[in-house]
**Student:** 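Take this structure first; my questions come after.
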Amino acid sequence: MSEGTEQHCLPLSDGNRIPILGLGTSSPDQLDKGVTVKAVKTGIEIGYRHLDGAFMYGNEDEVGEAIRAKIADGTVKREDIFYTSKLWMTYLSPALVRACLETTLKSLKLDYVDLYLIHWPMGLKPSEKDLFPADASGKLLQDDVDICATWAAMESCKDAGLVRSIGVSNFNRSQLEMILNVPKLKYKPVCNQVECHPYLNQDKLLKYCKSKNIVLVGYSPLGKPNLRNLSNPILLNDPELKKIGEKHHKTPAQIVLRYQVQRGVVVIPKSFNPERMKQNTEIFDFQLTDEEMKAIDGRNRNWRYIPMKEFVDHPKYPFHDEY
Ligand code: NDP
(Lines give C-alpha, C1' and ligand atoms only; values in the text may rest on other atoms or scores of the structure.)
Protein backbone atom coordinates (compact mmCIF):
# COMPACT_ATOMS: atom_id res chain seq x y z
CA MET A 1 0.00 0.00 0.00
CA SER A 2 1.26 3.48 -0.77
CA GLU A 3 2.29 5.20 2.40
CA GLY A 4 -0.34 7.61 3.59
CA THR A 5 -3.09 6.91 1.07
CA GLU A 6 -5.60 6.63 3.89
CA GLN A 7 -4.36 9.54 5.96
CA HIS A 8 -4.63 12.39 3.45
CA CYS A 9 -7.99 14.06 3.91
CA LEU A 10 -9.49 17.52 3.49
CA PRO A 11 -12.02 18.91 5.96
CA LEU A 12 -15.55 19.54 4.67
CA SER A 13 -17.62 22.52 5.82
CA ASP A 14 -20.09 20.24 7.67
CA GLY A 15 -17.38 18.75 9.91
CA ASN A 16 -16.83 15.57 7.87
CA ARG A 17 -13.60 14.74 6.02
CA ILE A 18 -12.94 13.63 2.45
CA PRO A 19 -9.89 11.56 1.39
CA ILE A 20 -7.98 13.65 -1.16
CA LEU A 21 -7.45 10.64 -3.44
CA GLY A 22 -10.34 8.49 -4.57
CA LEU A 23 -10.95 5.76 -7.11
CA GLY A 24 -13.30 6.57 -9.99
CA THR A 25 -15.69 3.74 -10.80
CA SER A 26 -17.29 4.85 -14.06
CA SER A 27 -16.27 2.81 -17.06
CA PRO A 28 -17.47 3.55 -20.60
CA ASP A 29 -16.61 0.02 -21.68
CA GLN A 30 -19.11 -2.82 -21.58
CA LEU A 31 -17.58 -4.77 -18.74
CA ASP A 32 -18.34 -8.39 -17.91
CA LYS A 33 -20.21 -8.99 -14.69
CA GLY A 34 -17.74 -9.18 -11.83
CA VAL A 35 -15.02 -6.98 -13.34
CA THR A 36 -16.05 -3.97 -11.24
CA VAL A 37 -16.32 -6.09 -8.07
CA LYS A 38 -12.80 -7.39 -8.60
CA ALA A 39 -11.36 -3.95 -9.40
CA VAL A 40 -12.95 -2.24 -6.39
CA LYS A 41 -11.82 -5.02 -4.06
CA THR A 42 -8.28 -4.64 -5.41
CA GLY A 43 -8.53 -0.87 -5.00
CA ILE A 44 -9.47 -1.24 -1.33
CA GLU A 45 -6.62 -3.73 -0.82
CA ILE A 46 -4.17 -1.26 -2.40
CA GLY A 47 -5.35 1.41 0.05
CA TYR A 48 -8.14 3.42 -1.62
CA ARG A 49 -10.71 4.48 0.96
CA HIS A 50 -12.64 6.96 -1.21
CA LEU A 51 -14.74 5.52 -4.05
CA ASP A 52 -16.54 7.74 -6.53
CA GLY A 53 -19.73 6.28 -7.97
CA ALA A 54 -23.13 7.27 -9.29
CA PHE A 55 -26.58 5.90 -10.00
CA MET A 56 -25.88 6.65 -13.66
CA TYR A 57 -22.82 4.36 -13.86
CA GLY A 58 -25.12 1.34 -13.53
CA ASN A 59 -22.65 -0.63 -11.40
CA GLU A 60 -23.45 0.35 -7.83
CA ASP A 61 -24.53 -3.23 -7.09
CA GLU A 62 -21.00 -4.39 -7.93
CA VAL A 63 -19.29 -1.54 -6.08
CA GLY A 64 -21.44 -2.31 -3.02
CA GLU A 65 -20.63 -6.00 -3.27
CA ALA A 66 -16.90 -5.20 -3.22
CA ILE A 67 -17.21 -2.83 -0.26
CA ARG A 68 -19.26 -5.35 1.73
CA ALA A 69 -16.80 -8.16 0.93
CA LYS A 70 -13.87 -6.08 2.17
CA ILE A 71 -15.79 -5.25 5.35
CA ALA A 72 -16.70 -8.92 5.84
CA ASP A 73 -13.09 -10.10 5.47
CA GLY A 74 -11.88 -7.51 8.01
CA THR A 75 -9.82 -5.34 5.61
CA VAL A 76 -11.90 -2.24 6.44
CA LYS A 77 -14.82 -1.11 8.54
CA ARG A 78 -17.75 0.73 7.01
CA GLU A 79 -16.58 3.98 8.60
CA ASP A 80 -13.18 3.68 6.86
CA ILE A 81 -14.85 3.93 3.45
CA PHE A 82 -15.97 7.21 1.89
CA TYR A 83 -18.47 6.43 -0.86
CA THR A 84 -19.89 9.13 -3.14
CA SER A 85 -23.01 8.69 -5.25
CA LYS A 86 -24.90 11.10 -7.49
CA LEU A 87 -28.49 12.05 -8.22
CA TRP A 88 -29.21 11.58 -11.92
CA MET A 89 -30.76 14.22 -14.20
CA THR A 90 -34.15 12.50 -14.50
CA TYR A 91 -34.61 12.70 -10.70
CA LEU A 92 -34.14 16.43 -10.05
CA SER A 93 -37.81 17.02 -9.15
CA PRO A 94 -37.83 17.33 -5.34
CA ALA A 95 -40.34 14.48 -4.99
CA LEU A 96 -37.96 12.07 -6.78
CA VAL A 97 -34.68 12.86 -5.03
CA ARG A 98 -35.08 10.41 -2.17
CA ALA A 99 -36.28 7.68 -4.55
CA CYS A 100 -33.05 7.88 -6.59
CA LEU A 101 -30.95 7.77 -3.42
CA GLU A 102 -32.93 4.83 -2.07
CA THR A 103 -32.36 2.93 -5.33
CA THR A 104 -28.64 3.57 -4.90
CA LEU A 105 -28.68 2.33 -1.29
CA LYS A 106 -30.62 -0.76 -2.31
CA SER A 107 -28.08 -1.55 -5.04
CA LEU A 108 -25.17 -0.99 -2.69
CA LYS A 109 -26.90 -2.81 0.19
CA LEU A 110 -25.58 -0.08 2.49
CA ASP A 111 -27.45 2.14 4.99
CA TYR A 112 -25.96 5.45 3.93
CA VAL A 113 -23.61 7.08 1.45
CA ASP A 114 -20.92 9.44 2.64
CA LEU A 115 -21.47 12.07 -0.02
CA TYR A 116 -24.42 12.62 -2.34
CA LEU A 117 -24.11 15.03 -5.27
CA ILE A 118 -26.51 16.58 -7.76
CA HIS A 119 -24.76 15.06 -10.81
CA TRP A 120 -25.60 17.92 -13.21
CA PRO A 121 -27.60 21.15 -12.75
CA MET A 122 -29.63 20.20 -15.87
CA GLY A 123 -32.88 18.32 -15.49
CA LEU A 124 -34.41 15.77 -17.86
CA LYS A 125 -38.03 14.63 -17.82
CA PRO A 126 -38.62 11.88 -15.26
CA SER A 127 -38.44 8.48 -16.88
CA GLU A 128 -38.65 4.96 -15.48
CA LYS A 129 -36.77 3.40 -18.39
CA ASP A 130 -34.38 5.92 -19.86
CA LEU A 131 -31.43 7.80 -18.43
CA PHE A 132 -31.61 10.06 -21.49
CA PRO A 133 -35.33 10.32 -22.37
CA ALA A 134 -35.87 11.68 -25.89
CA ASP A 135 -38.75 12.30 -28.26
CA ALA A 136 -39.32 10.34 -31.48
CA SER A 137 -36.80 12.56 -33.32
CA GLY A 138 -34.14 11.85 -30.71
CA LYS A 139 -34.32 15.28 -29.06
CA LEU A 140 -33.64 15.10 -25.32
CA LEU A 141 -36.68 15.86 -23.16
CA GLN A 142 -35.49 18.67 -20.91
CA ASP A 143 -37.04 19.55 -17.58
CA ASP A 144 -36.40 23.02 -16.17
CA VAL A 145 -36.49 22.11 -12.45
CA ASP A 146 -35.79 24.75 -9.78
CA ILE A 147 -32.39 23.58 -8.57
CA CYS A 148 -32.90 25.25 -5.17
CA ALA A 149 -35.95 23.03 -4.59
CA THR A 150 -33.83 20.00 -5.53
CA TRP A 151 -31.27 21.18 -3.00
CA ALA A 152 -33.91 21.37 -0.23
CA ALA A 153 -34.77 17.71 -0.97
CA MET A 154 -31.06 16.85 -0.71
CA GLU A 155 -31.00 18.53 2.71
CA SER A 156 -33.92 16.33 3.81
CA CYS A 157 -31.93 13.22 2.80
CA LYS A 158 -29.11 14.36 5.07
CA ASP A 159 -31.55 15.00 7.91
CA ALA A 160 -32.96 11.50 7.38
CA GLY A 161 -29.47 10.04 7.90
CA LEU A 162 -29.29 8.53 4.40
CA VAL A 163 -26.23 10.62 3.50
CA ARG A 164 -23.48 12.17 5.61
CA SER A 165 -22.64 15.12 3.34
CA ILE A 166 -24.25 16.75 0.33
CA GLY A 167 -22.77 18.61 -2.59
CA VAL A 168 -23.02 19.32 -6.30
CA SER A 169 -21.27 18.46 -9.53
CA ASN A 170 -20.80 20.38 -12.78
CA PHE A 171 -22.15 23.64 -11.30
CA ASN A 172 -20.75 26.95 -12.49
CA ARG A 173 -20.19 29.89 -10.17
CA SER A 174 -23.62 31.47 -10.62
CA GLN A 175 -25.34 28.12 -10.04
CA LEU A 176 -23.35 27.67 -6.82
CA GLU A 177 -24.32 31.19 -5.82
CA MET A 178 -27.98 30.44 -6.41
CA ILE A 179 -27.79 27.72 -3.77
CA LEU A 180 -25.61 29.68 -1.38
CA ASN A 181 -28.13 32.55 -1.56
CA VAL A 182 -31.20 30.44 -0.69
CA PRO A 183 -32.79 32.37 2.22
CA LYS A 184 -33.45 29.32 4.38
CA LEU A 185 -30.34 27.38 3.41
CA LYS A 186 -29.74 24.64 5.97
CA TYR A 187 -26.56 23.07 4.58
CA LYS A 188 -24.03 24.49 2.12
CA PRO A 189 -22.78 22.23 -0.67
CA VAL A 190 -19.56 20.76 0.76
CA CYS A 191 -18.04 20.28 -2.68
CA ASN A 192 -18.37 20.88 -6.39
CA GLN A 193 -17.14 17.96 -8.51
CA VAL A 194 -16.01 19.21 -11.92
CA GLU A 195 -13.66 18.23 -14.71
CA CYS A 196 -10.18 19.35 -13.65
CA HIS A 197 -6.65 18.62 -14.95
CA PRO A 198 -3.74 20.71 -16.27
CA TYR A 199 -5.52 21.41 -19.61
CA LEU A 200 -8.58 22.69 -17.67
CA ASN A 201 -7.12 23.78 -14.38
CA GLN A 202 -10.27 25.60 -13.18
CA ASP A 203 -8.13 28.27 -11.55
CA LYS A 204 -10.98 30.78 -11.16
CA LEU A 205 -13.58 28.26 -10.01
CA LEU A 206 -11.06 26.81 -7.54
CA LYS A 207 -10.36 30.27 -6.04
CA TYR A 208 -14.08 30.95 -5.78
CA CYS A 209 -14.80 27.56 -4.15
CA LYS A 210 -11.97 28.00 -1.66
CA SER A 211 -13.35 31.44 -0.73
CA LYS A 212 -16.69 29.77 0.13
CA ASN A 213 -15.17 26.74 1.89
CA ILE A 214 -16.36 24.43 -0.88
CA VAL A 215 -13.94 21.62 -1.80
CA LEU A 216 -13.25 21.17 -5.50
CA VAL A 217 -13.22 17.52 -6.56
CA GLY A 218 -11.54 17.01 -9.94
CA TYR A 219 -12.91 14.37 -12.29
CA SER A 220 -11.14 13.03 -15.38
CA PRO A 221 -7.89 14.12 -13.69
CA LEU A 222 -5.78 12.12 -16.19
CA GLY A 223 -7.52 13.70 -19.17
CA LYS A 224 -9.42 10.54 -20.08
CA PRO A 225 -6.60 8.78 -21.95
CA ASN A 226 -9.12 6.17 -23.11
CA LEU A 227 -11.14 8.68 -25.20
CA ARG A 228 -10.91 7.62 -28.80
CA ASN A 229 -11.30 11.05 -30.38
CA LEU A 230 -8.41 12.25 -32.47
CA SER A 231 -9.15 15.94 -31.97
CA ASN A 232 -8.49 15.64 -28.21
CA PRO A 233 -5.04 16.64 -26.98
CA ILE A 234 -3.47 13.76 -25.04
CA LEU A 235 -2.66 15.15 -21.62
CA LEU A 236 -0.37 12.32 -20.52
CA ASN A 237 1.82 12.85 -23.63
CA ASP A 238 2.49 16.49 -22.70
CA PRO A 239 6.29 17.08 -22.96
CA GLU A 240 6.39 19.39 -19.94
CA LEU A 241 4.71 16.76 -17.75
CA LYS A 242 7.08 14.11 -19.06
CA LYS A 243 10.09 16.33 -18.30
CA ILE A 244 8.95 17.03 -14.74
CA GLY A 245 8.14 13.34 -14.29
CA GLU A 246 11.65 12.28 -15.36
CA LYS A 247 13.14 14.61 -12.75
CA HIS A 248 11.10 13.00 -9.96
CA HIS A 249 11.17 9.43 -11.38
CA LYS A 250 7.39 9.59 -11.69
CA THR A 251 4.97 9.06 -14.58
CA PRO A 252 3.00 11.95 -16.15
CA ALA A 253 -0.11 10.48 -14.45
CA GLN A 254 1.55 10.75 -11.04
CA ILE A 255 2.65 14.32 -11.83
CA VAL A 256 -0.87 15.49 -12.73
CA LEU A 257 -2.34 13.84 -9.63
CA ARG A 258 0.35 15.31 -7.37
CA TYR A 259 -0.26 18.76 -8.94
CA GLN A 260 -3.90 18.59 -7.87
CA VAL A 261 -3.41 17.39 -4.31
CA GLN A 262 -0.72 20.02 -3.84
CA ARG A 263 -3.21 22.78 -4.82
CA GLY A 264 -5.93 21.32 -2.56
CA VAL A 265 -8.02 19.57 -5.23
CA VAL A 266 -9.44 16.11 -4.50
CA VAL A 267 -8.70 13.68 -7.36
CA ILE A 268 -10.62 10.57 -8.39
CA PRO A 269 -8.66 8.85 -11.21
CA LYS A 270 -10.37 5.77 -12.59
CA SER A 271 -8.35 2.63 -13.15
CA PHE A 272 -9.39 -0.99 -13.00
CA ASN A 273 -5.83 -2.15 -13.71
CA PRO A 274 -3.96 -3.18 -10.52
CA GLU A 275 -0.58 -1.69 -11.56
CA ARG A 276 -2.05 1.63 -12.63
CA MET A 277 -4.33 1.74 -9.57
CA LYS A 278 -1.25 1.34 -7.38
CA GLN A 279 0.80 3.78 -9.44
CA ASN A 280 -1.90 6.42 -8.94
CA THR A 281 -1.58 6.15 -5.15
CA GLU A 282 2.19 6.75 -5.19
CA ILE A 283 1.93 10.52 -5.11
CA PHE A 284 2.56 11.31 -1.45
CA ASP A 285 6.31 10.67 -1.34
CA PHE A 286 7.49 13.67 -3.38
CA GLN A 287 6.77 17.35 -3.86
CA LEU A 288 6.59 19.61 -6.89
CA THR A 289 8.52 22.88 -6.64
CA ASP A 290 6.77 26.25 -7.04
CA GLU A 291 8.33 26.59 -10.51
CA GLU A 292 7.04 23.17 -11.51
CA MET A 293 3.55 24.01 -10.22
CA LYS A 294 3.66 27.24 -12.27
CA ALA A 295 4.90 25.39 -15.36
CA ILE A 296 1.98 22.96 -15.04
CA ASP A 297 -0.44 25.87 -14.53
CA GLY A 298 0.97 27.24 -17.78
CA ARG A 299 -0.28 24.19 -19.71
CA ASN A 300 -3.90 25.26 -19.17
CA ARG A 301 -5.88 25.61 -22.41
CA ASN A 302 -9.45 25.46 -21.05
CA TRP A 303 -9.96 22.14 -22.83
CA ARG A 304 -12.99 20.06 -21.86
CA TYR A 305 -12.90 16.34 -22.56
CA ILE A 306 -16.57 16.25 -21.45
CA PRO A 307 -18.25 19.33 -22.99
CA MET A 308 -21.74 17.71 -22.97
CA LYS A 309 -22.42 19.37 -26.34
CA GLU A 310 -25.77 17.57 -26.70
CA PHE A 311 -27.02 19.79 -23.85
CA VAL A 312 -25.87 23.22 -25.08
CA ASP A 313 -29.44 24.44 -25.54
CA HIS A 314 -30.53 23.35 -22.06
CA PRO A 315 -31.43 26.43 -19.95
CA LYS A 316 -29.14 25.21 -17.17
CA TYR A 317 -26.15 24.25 -19.37
CA PRO A 318 -23.24 25.16 -17.07
CA PHE A 319 -20.44 25.77 -19.56
CA HIS A 320 -21.61 28.95 -21.35
CA ASP A 321 -20.17 31.03 -18.51
CA GLU A 322 -16.43 31.51 -18.22
CA TYR A 323 -16.51 29.55 -14.93
P1 NDP B 1 -9.61 9.65 -15.96
O2 NDP B 1 -8.92 10.90 -16.32
O3 NDP B 1 -9.57 9.18 -14.56
O4 NDP B 1 -9.09 8.51 -16.96
C5 NDP B 1 -9.45 7.17 -16.84
C6 NDP B 1 -8.66 6.36 -17.85
O7 NDP B 1 -7.27 6.47 -17.57
C8 NDP B 1 -8.99 4.89 -17.85
O9 NDP B 1 -9.12 4.49 -19.19
C10 NDP B 1 -7.74 4.22 -17.23
O11 NDP B 1 -7.54 2.96 -17.82
C12 NDP B 1 -6.64 5.19 -17.58
N13 NDP B 1 -5.58 5.27 -16.56
C14 NDP B 1 -5.72 5.20 -15.21
N15 NDP B 1 -4.54 5.35 -14.59
C16 NDP B 1 -3.61 5.52 -15.56
C17 NDP B 1 -2.22 5.73 -15.54
N18 NDP B 1 -1.54 5.79 -14.39
N19 NDP B 1 -1.57 5.86 -16.73
C20 NDP B 1 -2.26 5.79 -17.90
N21 NDP B 1 -3.60 5.59 -17.99
C22 NDP B 1 -4.27 5.47 -16.82
O23 NDP B 1 -11.11 9.84 -16.48
P24 NDP B 1 -12.58 9.50 -15.96
O25 NDP B 1 -13.47 10.25 -16.87
O26 NDP B 1 -12.79 8.06 -15.80
O27 NDP B 1 -12.70 10.22 -14.53
C28 NDP B 1 -12.46 9.59 -13.30
C29 NDP B 1 -13.72 9.44 -12.48
O30 NDP B 1 -14.36 10.69 -12.30
C31 NDP B 1 -14.81 8.56 -13.13
O32 NDP B 1 -14.54 7.20 -13.03
C33 NDP B 1 -16.02 9.01 -12.32
O34 NDP B 1 -16.02 8.35 -11.07
C35 NDP B 1 -15.78 10.51 -12.18
N36 NDP B 1 -16.45 11.31 -13.23
C37 NDP B 1 -17.46 12.18 -12.82
C38 NDP B 1 -18.14 12.94 -13.74
C39 NDP B 1 -19.24 13.86 -13.29
O40 NDP B 1 -20.00 14.35 -14.15
N41 NDP B 1 -19.35 14.17 -12.02
C42 NDP B 1 -17.84 12.87 -15.19
C43 NDP B 1 -16.73 11.98 -15.50
C44 NDP B 1 -16.08 11.25 -14.54
P45 NDP B 1 -7.39 1.60 -16.95
O46 NDP B 1 -8.66 1.41 -16.18
O47 NDP B 1 -7.18 0.57 -17.99
O48 NDP B 1 -6.19 1.81 -16.06
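Worth knowing before you read on, the calculation uses all heavy atoms, side chains too, and leaves out hydrogens, waters and symmetry mates. In listed order, ligands and their atoms are each counted from 1. Positions are given from 1 along the sequence. In this text the structure is predicted, and so the values were computed from the model without any measurement.
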**Student:** Taking only Lys NZ, Arg NE, NH1 and NH2, and the carboxylate oxygens of Asp or Glu, determine whether Arg173 and Glu177 approach each other closer than 4.0 Å.
**Tutor:** yes
**Student:** Can you tell which of Thr251, Asn170, Leu222, Asn273 gets a heavy atom nearest to atom 40 (O) of ligand 1?
**Tutor:** Asn170
**Student:** Show which atoms of ligand 1 fall inside a sub-4.0 Å distance from at least one heavy-atom site of Gly223.
**Tutor:**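 Contacts of ligand 1 toward Gly223, numbered from 1: 2 (O).
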**Student:** Which residue and atom name correspond to the protein heavy atom nearest atom 28 (C) of ligand 1, and how close is it?
**Tutor:**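 I find the closest protein heavy atom is Ile268 O, 3.1 Å.
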**Student:** Other residues, nucleotides and ligands only: do more than 12 of their heavy atoms fall within 6.0 Å of CG on Asn226?
**Tutor:**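 More than 12 within 6.0 Å, yes.
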**Student:** When you look for heavy atoms under 4.0 Å from ligand 1, do you find them on the side chain of Tyr305, its backbone, both, or neither?
**Tutor:** neither
**Student:** Side chain, backbone, both or neither: which part of Asn280 comes within less than 4.0 Å of ligand 1 when only heavy atoms are counted?
**Tutor:**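 Only the side chain of Asn280 comes within reach of ligand 1.
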**Student:** Got the closest protein heavy atom to atom 12 (C) of ligand 1, with its distance?
**Tutor:** Pro225 CG, 3.8 Å
**Student:** Among protein heavy atoms, which lies nearest atom 35 (C) of ligand 1, and at what distance?
**Tutor:**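 The closest one turns out to be Asp52 OD2, 3.5 Å.
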**Student:** So, is the end of the Arg301 side chain (NZ or CZ) under 6.0 Å from the ring centre of Tyr199 and within 45° of the ring's axis?
**Tutor:** yes
**Student:** Got the closest protein heavy atom to atom 1 (P) of ligand 1, with its distance?
**Tutor:** Ser220 CA, 3.8 Å
**Student:** Using a strict threshold of under 4.0 Å (side-chain N to carboxylate O), is an ion pair present between Lys204 and Asp321?
**Tutor:** no
**Student:** Measure Ser26 to ligand 1 on non-hydrogen atoms and call it side chain, backbone, both or neither using the 4.0 Å cut-off.
**Tutor:**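 Both backbone and side chain.
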**Student:** Could you list which atoms of ligand 1 come closer than 4.0 Å to a heavy atom of Thr25?
**Tutor:** 32 (O), 34 (O)
**Student:** Can Arg164 be said to sit on top of Phe82's aromatic six-ring, NZ or CZ under 6.0 Å from centre and within 45° of the ring axis?
**Tutor:** no
**Student:** Please determine if Lys86 has a nitrogen or oxygen closer than 3.5 Å to a nitrogen or oxygen of ligand 1.
**Tutor:**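 Min N/O separation from ligand 1 is not below 3.5 Å for Lys86.
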**Student:** Shortest non-hydrogen contact from Ala295 to Glu240?
**Tutor:** CB-OE2, 3.6 Å
**Student:** Can you tell which part of Gln279 has a heavy atom less than 4.0 Å from ligand 1: side chain, backbone, both or neither?
**Tutor:**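 It is the side chain that touches ligand 1; the backbone stays farther off.
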**Student:** So, for Leu92 and Thr150, which heavy atoms are closest and what is the spacing to 0.1 Å?
**Tutor:**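 Looking at all heavy atoms of both residues, the closest pair is O-OG1, 2.7 Å.
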**Student:** Any idea which atoms of ligand 1 are less than 4.0 Å away from a heavy-atom of His119?
**Tutor:**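 Answer for ligand 1: 39 (C), 40 (O), 41 (N).
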**Student:** Show the numbers, then the answer: is there a side-chain contact (heavy atoms from CB on, under 4.5 Å) between Lys224 and Ile306?
**Tutor:** CA-CA 9 Å; Lys224 290 191 87 67; Ile306 306 188; 3.9 Å; yes
**Student:** With Glu292, which of Lys247, Arg258, Gln262, Lys243 fulfils side chain to side chain donor-acceptor pair (under 3.5 Å)?
**Tutor:**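 Only match with Glu292 under side chain to side chain donor-acceptor pair (under 3.5 Å): Lys247.
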**Student:** What are the two closest heavy atoms between Trp151 and Tyr187, and how far apart are they?
**Tutor:** NE1-O, 2.9 Å
**Student:** Need the ligand 1 atom indices (1-based, order shown) with element for anything under 4.0 Å from a heavy-atom of Asn226.
**Tutor:**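 Under 4.0 Å from Asn226, ligand 1 has these atoms: 6 (C), 9 (O).
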**Student:** To which protein heavy atom is atom 22 (C) of ligand 1 closest, and what is the distance rounded to 0.1 Å?
**Tutor:** Arg276 CD, 3.6 Å
**Student:** Report, as yes or no, whether the 6.0 Å neighbourhood of atom CG on Leu131 holds more than 12 heavy atoms from other residues, nucleotides or ligands.
**Tutor:** yes
**Student:** Determine whether the side chain, the backbone, both or neither of Ser271 has a heavy atom under 4.0 Å from any heavy atom of ligand 1.
**Tutor:**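 Looking at Ser271 and ligand 1, atoms from backbone and side chain both fall under 4.0 Å.
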**Student:** Does ligand 1 have a heavy atom under 4.0 Å from the side chain of Leu236, from its backbone, from both, or from neither?
**Tutor:** side chain
**Student:** For atom 30 (O) of ligand 1, which of the options Trp120, Phe272, Tyr219 provides the nearest non-hydrogen atom?
**Tutor:**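 Nearest option to atom 30 (O) of ligand 1, by heavy atoms: Tyr219.
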**Student:** I'd like to check which ligand 1 atoms, numbered from 1 as shown, lie under 4.0 Å from a non-hydrogen atom of Pro269.
**Tutor:** 3 (O)
**Student:** Report the nearest protein non-hydrogen atom to atom 5 (C) of ligand 1: residue, atom name, distance rounded to 0.1 Å.
**Tutor:**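 Among all protein heavy atoms, the one nearest atom 5 (C) of ligand 1 is Lys270 O, 3.4 Å.
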**Student:** Does this structure show an ion pair linking Lys33 with Glu62, if we count only N-O contacts that are shorter than 4.0 Å?
**Tutor:**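 Yes, this pair counts.
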**Student:** Side chain, backbone, both or neither: which part of Ala54 has a heavy atom under 4.0 Å from ligand 1?
**Tutor:**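 No part of Ala54 comes within reach of ligand 1.
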**Student:** Say whether Ser220 and Glu195, considering side chains only, have a donor N or O and an acceptor N or O under 3.5 Å apart.
**Tutor:**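 Judged by distance alone, the side chains do not pair up.
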**Student:** Using a 4.0 Å cutoff against the non-hydrogen atoms of Ile306, which atoms of ligand 1 qualify?
**Tutor:**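 Here the atoms of ligand 1 in question are 42 (C), 43 (C).
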